[in-house]
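In what follows, chains carry the letters A, B, and so on, assigned in the order in which the sequence lines appear, proteins first and then strands, with residues in each chain numbered from 1.
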Number of protein chains: 2
Amino acid sequence: MKVKLQNVLPEEIEKRSFEMIGEELGEVELDPMEEPVIKRVIHTTADFEYLSNLKFSGGAVGKGMEALRKGAVIVTDTQMAKAGINKATLESLGGEAFCFMSDADVAETAKAAGTTRATASMDKAAALDRPLILAIGNAPTALVRIYELIREGKLKPELIIGVPVGFVNVVESKELIMELEIPYIVAKGRKGGSNVAAAICNALLYQCKPRT
Amino acid sequence: MKVKLQNVLPEEIEKRSFEMIGEELGEVELDPMEEPVIKRVIHTTADFEYLSNLKFSGGAVGKGMEALRKGAVIVTDTQMAKAGINKATLESLGGEAFCFMSDADVAETAKAAGTTRATASMDKAAALDRPLILAIGNAPTALVRIYELIREGKLKPELIIGVPVGFVNVVESKELIMELEIPYIVAKGRKGGSNVAAAICNALLYQCKPRT
């Protein structure tokens with residue numbers, strides 16, 4: 001073995017990773033509520049661009065945590081994002097994670113309306129009668145539908161995590177969300193992803209309830 | 001709505017995204033087998049660094065496809081990566097996706113041995129008696145264990161997708177994999193992730209069997 005490995009205990013790997021991120025960030029001054037979110041996204045992506053990409057509406061992290069503490073559910077736009085959320089912690093707070101993308105009724109509605117399943121799944125989310133965090137890591141069409149539903153008074157989420165990744169309407173859909181008067185955490189630009197959406201959810205969850 | 005959206009039909013979004021990626025790549029000459037893998041990873045991350053980060057051992061894509069065509073199973077190191085793999089296509093080729101990270105026996109073995117669940121889950125993968133693709137998007141300790149098992153003659157995967165993300169031993173674990181005489185697709189450096197691992201699996205799958 002020519003390669004030299006760091007000797008770090010399994011239970012210390014995450015802690016050491018966050019220390020390394022902190023060292024590289026150096027003297028940057030971060031909002032103490034936003035800092036764990038930014039660091040966890042960098043931990044998930046190894047991409048320091050998120051230091052400048054992530055945009056928070058005023059008090060968004062606190063509002064998200066408050067929602068989680070009162071049992072908010074999280075609706076994602078991919079099974080991957082749902083898979084990445086720490087469900088044990090979410091459920092211990094009374095919440096639950098949903099992704100409607102593979103639901104037969106969503107596929108039918110989308111097909112009939114000539115729209116995407118992501119769009120139809122946001123309509124399904126709007127029908128839930130519980131405090132709601134929307135975590136969108138993939139589909140800009142989900143964000144566009146969220147914008148429309150909010151403007152029509154049919155949806156009022158506690159927080160929008162708007163971090164789809166990609167090329168067609170991704171940048172634009174995030175700009176739309178930042179026009180709204182609803183708390184948001186958005187990754188400006190093209191970058192983001194299901195992993196980033198899950199990391200932001202987990203950063204909020206672990207601020208509510210540290211893992212043991 | 002101040003923002004101007006592109007008018008793209010739902011079924012055309014992915015196609016248009018790949019066109020935009022192709023336009024930005026411009027005149028770069030890519031290996032025709034590797035090109036769909038590189039483009040799909042960029043599609044998944046909006047990060048053009050993967051153009052230079054992704055390293056393929058000779059013929060790795062063809063060897064991975066051949067394995068999938070003979071019914072290889074894919075073992076991932078996260079539920080997220082498993083969630084992101086197109087299981088319908090994989091199963092239509094006779095394959096299956098596994099992630100052992102949440103298995104009770106894996107947790108017990110890891111605890112008893114003072115190692116990570118990722119390490120223990122690779123031991124479990126080595127016991128499978130089927131052609132094997134290992135898709136590692138998170139845990140460098142999984143790659144280190146794969147290296148050891150191969151060196152000990154206890155594991156002989158058809159392909160290693162080595163794209164963990166992060167800080168502690170991530171760069172080093174990938175260098176280890178590139179020392180082996182086993183086909184690999186590796187994202188050199190710190191970047192990678194469960195999303196990248198799933199994207200590479202899907203790029204191989206869609207070359208075997210285009211989606212209808």
Original post:
Parallel, tilted or perpendicular: which describes the rings of B:Phe167 and A:Phe48, with under 30° parallel and over 60° perpendicular?
Top reply: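 Taking A:Phe48 first and then B:Phe167, their aromatic rings stand perpendicular (interplane angle over 60°).
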
To the closest 0.5 Å, what do you measure between [atom1] ([X]) and [atom2] ([Y])?
X        : Y        : atom1 : atom2 : result
A:Gln79  : B:Met80  : CD    : CE    : 11.5 Å
B:Leu9   : A:Thr116 : CG    : OG1   : 11.5 Å
A:Asn169 : B:Ile13  : CG    : CD1   : 7.5 Å

Subject >> Shortest non-hydrogen separation from A:Ala46 to B:Gly166 and the atoms involved >> reply: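 Reported closest heavy-atom pair: CB-N, 4.1 Å.
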
**OP:** Search all heavy atoms of A:Glu172 against all heavy atoms of B:Lys4 and return the closest pair with its distance.
**Re:**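 For A:Glu172 versus B:Lys4, the nearest heavy atoms are CG-O, 3.4 Å.
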
Do other residues, nucleotides or ligands put more than 12 heavy atoms under 6.0 Å from the [atom1] atom of [X]?
X        : atom1 : answer
A:Glu181 : CD    : no
B:Glu152 : CD    : yes
A:Lys188 : NZ    : no
A:Glu29  : CD    : no
B:Lys124 : NZ    : yes

Original post:
Is a salt bridge present between A:Arg190 and B:Glu24, judged by a nitrogen-to-oxygen distance below 4.0 Å?
Top reply: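 Salt bridge flag = yes for B:Glu24 with A:Arg190.
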
Subject >> Interface moiety of B:Thr44 toward chain A, non-hydrogen atoms closer than 4.5 Å >> reply: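 Looking at B:Thr44, just its backbone touches chain A.
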
Original post:
Is there side-chain contact between A:Val168 and B:Ser17, with at least one heavy-atom pair below 4.5 Å?
Top reply: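 Side-chain contact under 4.5 Å: yes.
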
Original post:
Does the side-chain contact (heavy atoms from CB on, under 4.5 Å) test come out yes or no for B:Val3 and A:Glu179, once each step is laid out?
Top reply: CA-CA 9 Å; B:Val3 175; A:Glu179 284 182 15; 3.6 Å; yes

Original post:
Which one of A:His43, A:Glu175, A:Glu14 has the most heavy-atom pairs closer than 4.5 Å to chain B?
Top reply: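 Counting heavy-atom pairs under 4.5 Å, the top option is A:His43.
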
Original post:
Of all of B:Thr119, B:Val171, B:Thr115, which one pairs up most often with chain A through heavy atoms under 4.5 Å apart?
Top reply: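 When all of B:Thr119, B:Val171, B:Thr115 are compared, B:Thr115 has the most.
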
Original post:
Taking every heavy-atom pair that is under 4.5 Å apart, which of B:Val8, B:Thr141, B:Thr45 has the most such pairs with chain A?
Top reply: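 Greatest number of close heavy-atom pairs with chain A: B:Thr45.
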
